[in-house]
2 protein chains.
Amino acid sequence: MPTYKDIQRLTGLSLSTISKYFNDLPVREANRLAIEEASAALGFRRNAFARGLRTKRSRVVGILLPELDNAFHMSIIAGVESALWKEGVGILVRAAHDDLVTGIGSLREQMVDGIIAVPTNAVDPETLTTVLGDVPLVLLDRRIDGVVADTVTIDNEAAGARAAECLSAFGHRSVVALVGPDSVWTMRGRARGFVDTGGHGDVTILTTTNLTVAAGHLAMAQALASRRRPTALFCANYELTLGALLAITNAGLSIPEDISFVGFDGEELAEITKPRLWMIVQPIEDLAARTAELMLARLAGDTSPARKVVLPTRLVPGDSISPPA
Amino acid sequence: MPTYKDIQRLTGLSLSTISKYFNDLPVREANRLAIEEASAALGFRRNAFARGLRTKRSRVVGILLPELDNAFHMSIIAGVESALWKEGVGILVRAAHDDLVTGIGSLREQMVDGIIAVPTNAVDPETLTTVLGDVPLVLLDRRIDGVVADTVTIDNEAAGARAAECLSAFGHRSVVALVGPDSVWTMRGRARGFVDTGGHGDVTILTTTNLTVAAGHLAMAQALASRRRPTALFCANYELTLGALLAITNAGLSIPEDISFVGFDGEELAEITKPRLWMIVQPIEDLAARTAELMLARLAGDTSPARKVVLPTRLVPGDSISPPA
DNA sequence: CTGTTAGCGCCTTCAT
DNA sequence: ATGAAGGCGCTAACAG
């Protein structure tokens with residue numbers, strides 16, 4: 001690996017001039033050309049270790065997710081990566097497996113300049129502060145009670161509420177929400193919004209054991225087979241939506257004749273099902289953009305108080321709701 | 001951030017003894033305890049920049065994917081991350097957007113010790129060699145013509161062939177494969193295997209514009225509406241499988257009465273659809289394990305010739321094929 | 001605008 | 001098993 005010294009040998013310039021060139025500080029035109037020629041000939045690339053040792057920055061941000069195979073989180077991260085990389089910032093991705101503190105510690109060991117995390121469990125705020133040191137943290141999709149940090153989420157209550165409104169606007173008084181485990185922050189919010197707004201009638205919350213297609217299918221299949229079969233349904237995330245849809249289809253039931261349906265996050269799905277499904281959809285690109293923006297600001301030295309960014313969901317109309325029989 | 005010097009101040013030991021302790025070299029028991037106490041008190045963590053500067057290794061592997069929102073690739077990467085992290089190796093993830101060479105260059109700039117890439121376009125082997133330098137490269141899921149590198153893929157021809165066999169075993173002589181663009185290496189292989197083996201009869205290849213649920217749905221909806229409606233179908237990836245399934249359901253057709261069906265990668269889906277679908281499934285965990293293993297070996301200094309790991313797919317039987325009318 | 005100099009924190013001979 | 005010393009490649013004063 002060539003170094004400044006090699007460039008110095010070819011150009012006769014001092015190390016500091018060469019450094020200035022690479023840091024976009026003014027350099028005489030002739031020297032600039034000489035450096036460019038030399039480094040092209042050498043295939044030179046600056047050594048990030050040495051640079052980091054001096055500057056104390058890696059231009060890498062750590063990403064901490066519960067699991068890496070969650071499609072929703074990864075699609076946000078795709079947007080975050082794109083926005084950060086435009087500024088030359090890379091992402092070091094790690095599965096946290098419900099242990100935020102350990103995850104943060106390990107990322108810090110690898111010298112990340114900041115951390116974006118989707119938290120799961122509760123965390124002791126003090127422990128968090130200690131392990132974080134001065135590394136900026138942006139919490140994505142979910143919050144942690146008692147922790148003061150930048151936060152980018154959607155308005156989950158409003159999302160649940162809107163779903164309930166759609167259904168009640170068509171006259172449904174007996175409504176069901178298929179939601180994931182109560183341990184998931186977003187699910188609590190969506191369920192709460194749904195209950196609070198649909199609460200004038202008869203509201204049932206079906207809780208699944210986890211957020212998978214299979215779990216959604218199972219819970220829905222059981223509900224459909226029960227004595228009081230749901231007639232108006234809201235699914236609180238994409239996997240549950242798909243699972244419920246399959247359960248309904250397999251049971252030989254029709255939407256909306258037998259059951260009215262509001263799904264979540266499946267805009268693409270909504271467009272190709274018959275009938276089109278009503279959907280609550282999350283603004284993935286905005287979530288990504290705001291998260292990246294916040295992080296870049298912190299990296300640039302913004303020390304203003306923690307922000308709480310709350311984005312609205314979009315309601316995509318369909319033909320999957322009809323008045324109750 | 002505390003350094004060895006701080007530990008030295010607390011323990012009176014030399015920097016070299018402290019270094020030895022942290023590098024698992026023999027240190028007298030009393031000293032070991034002193035160092036442990038001091039570093040705990042200080043909240044000490046070794047500075048990876050300084051370490052990298054000396055050792056020339058970052059303990060980070062770069063991951064280069066066409067896009068980060070591809071569920072299949074990310075599920076492999078989830079396994080890779082898990083295996084690498086067990087060895088203390090992190091992953092720096094980047095979307096390559098069809099430009100492997102630039103991607104590799106940028107990852108090298110961030111000092112990755114190795115690169116795992118899912119390639120898309122062709123690449124000039126020499127350019128690749130140059131930009132790689134001595135960084136080990138493992139190609140995942142797809143190969144590049146003319147490039148000699150470690151490679152972990154499935155046997156795509158065999159996968160396509162097996163699908164064709166299933167259908168012909170039930171007596172189908174007119175079979176259709178729904179595959180993605182010919183530009184995708186895996187799709188070419190699956191189509192080839194399907195054609196070669198199903199070739200005794202009447203084989204049609206439906207090519208979609210991209211690998212999405214919507215594209216699969218569209219292509220399938222058109223085919224179902226055509227004069228010669230398919231009666232035996234193989235879908236060459238998960239998104240196409242889901243899209244085709246929705247198209248079939250929406251068209252009011254039944255599996256397998258109207259159309260026999262072999263899907264791809266949707267084992268979970270297969271279990272909850274009615275009837276159960278025949279599926280070709282990729283060994284995601286094995287792909288991840290072999291990839292990680294290969295990379296770890298290279299990081300450990302293995303300089304043996306490039307390996308070509310080819311894994312078999314699994315055939316999951318269902319009730320979605322019946323003899324033709 | 002350019003050059004000289006002094007580290008950043010750690011690992012690694014080399015003696016002891 | 002320990003200690004002293006040098007340097008990895010780069011940046012950031014500072015002087016010119």
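Since this is a predicted model, take the numbers as computed values, not measurements. The sequence lines fix the lettering, A, B, ..., with proteins before strands; numbering per chain opens at 1.
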*Does a nitrogen or oxygen in the side chain of A:Lys56 sit under 4.0 Å from OP1 or OP2 of C:dG9?*
yes
*Please tell me which of the listed nucleotides, D:dT11, D:dC10, C:dT2, lies nearest to the side chain of A:Val27?*
C:dT2
*Choosing from D:dG3, C:dG3, C:dG9, which nucleotide comes nearest the side chain of B:Thr3?*
C:dG9
*Side chain B:Thr17 and base D:dG3 donor-acceptor under 3.5 Å*: no
*Which part of the nucleic acid, if any, lies within contact of A:Tyr4, taking any heavy atom under 4.0 Å across all strands shown: a base, the sugar-phosphate backbone alone, or nothing?*
base
_Closer than 3.5 angstrom, by distance alone: can the side chain of A:Ser82 be matched with the main-chain N or O of A:Ala78 as a donor-acceptor pair?_
no
_In whole Å, I'd like the distance from the NZ atom of A:Lys20 to the C1' atom of C:dG3._
8 Å
_Tell me the interatomic distance from B:Met111, atom CE, to D:dG9, atom P, rounded to whole angstroms._
10 Å
*Under 4.0 Å between a Lys/Arg side-chain N and an Asp/Glu carboxylate O for A:Arg307 and A:Asp302?*
yes
*Would you say C:dC10 has OP1 or OP2 under 4.0 Å from some side-chain N or O of B:Arg46?*
no
*Mind checking A:Tyr21 for me? I need base, sugar-phosphate or nothing, with any heavy atom below 4.0 Å counting as a touch.*
nothing
*Using only heavy-atom distances, decide whether a donor-acceptor pair under 3.5 angstrom links the side-chain of B:Arg51 to the base of C:dC10.*
no
*Using the side-chain contact (heavy atoms from CB on, under 4.5 Å) rule, take B:Ile104 and B:Leu132 through it: C-alpha gap first, then chi angles, then the decisive distance, then the call.*
CA-CA 7 Å; B:Ile104 291 175; B:Leu132 264 181; 3.9 Å; yes
_Atom pair distance, as rounded to whole Å: CD in A:Gln8 and C1' in C:dG3_ = 10 Å
*asked:* With a 4.0 Å cutoff (strictly under), does any side-chain N or O of B:Asn23 reach OP1 or OP2 of C:dC11?
replied: yes
*Between B:Arg54 (CZ) and D:dA5 (P), how many Å, whole number?*
16 Å
_What is the distance, to the nearest angstrom, from the CG atom on B:Asn47 to the C1' atom on C:dG9?_
6 Å
*Check: A:Ser19 side chain, A:Leu15 main-chain N or O, donor-acceptor pair, under 3.5 Å*: no
*Do side-chain atoms of A:Arg45 reach the backbone of A:Met1 as a donor and acceptor pair under 3.5 angstrom?*
no
*asked:* For C:dT2 and A:Arg28 - does any side-chain N or O of the residue sit under 4.0 Å from the phosphate oxygens OP1/OP2?
replied: yes
_Measure CZ/A:Arg59 against C1'/D:dT11 and give the value in whole Å, please._
15 Å
*Starting at the 5' end of DNA chain D and moving along, which residue's nearest nucleotide shows up first, A:Ala48 or B:Gly12?*
B:Gly12
_Spacing of B:Phe49 atom CZ relative to D:dC10 atom P, expressed in whole Å_ = 14 Å
*Quickly work out the A:Met1 CE to D:dC10 P distance and round it to whole Å.*
11 Å
*Touch class at under 4.0 angstrom, heavy-atom based, for A:Ser19 against every strand present*: base
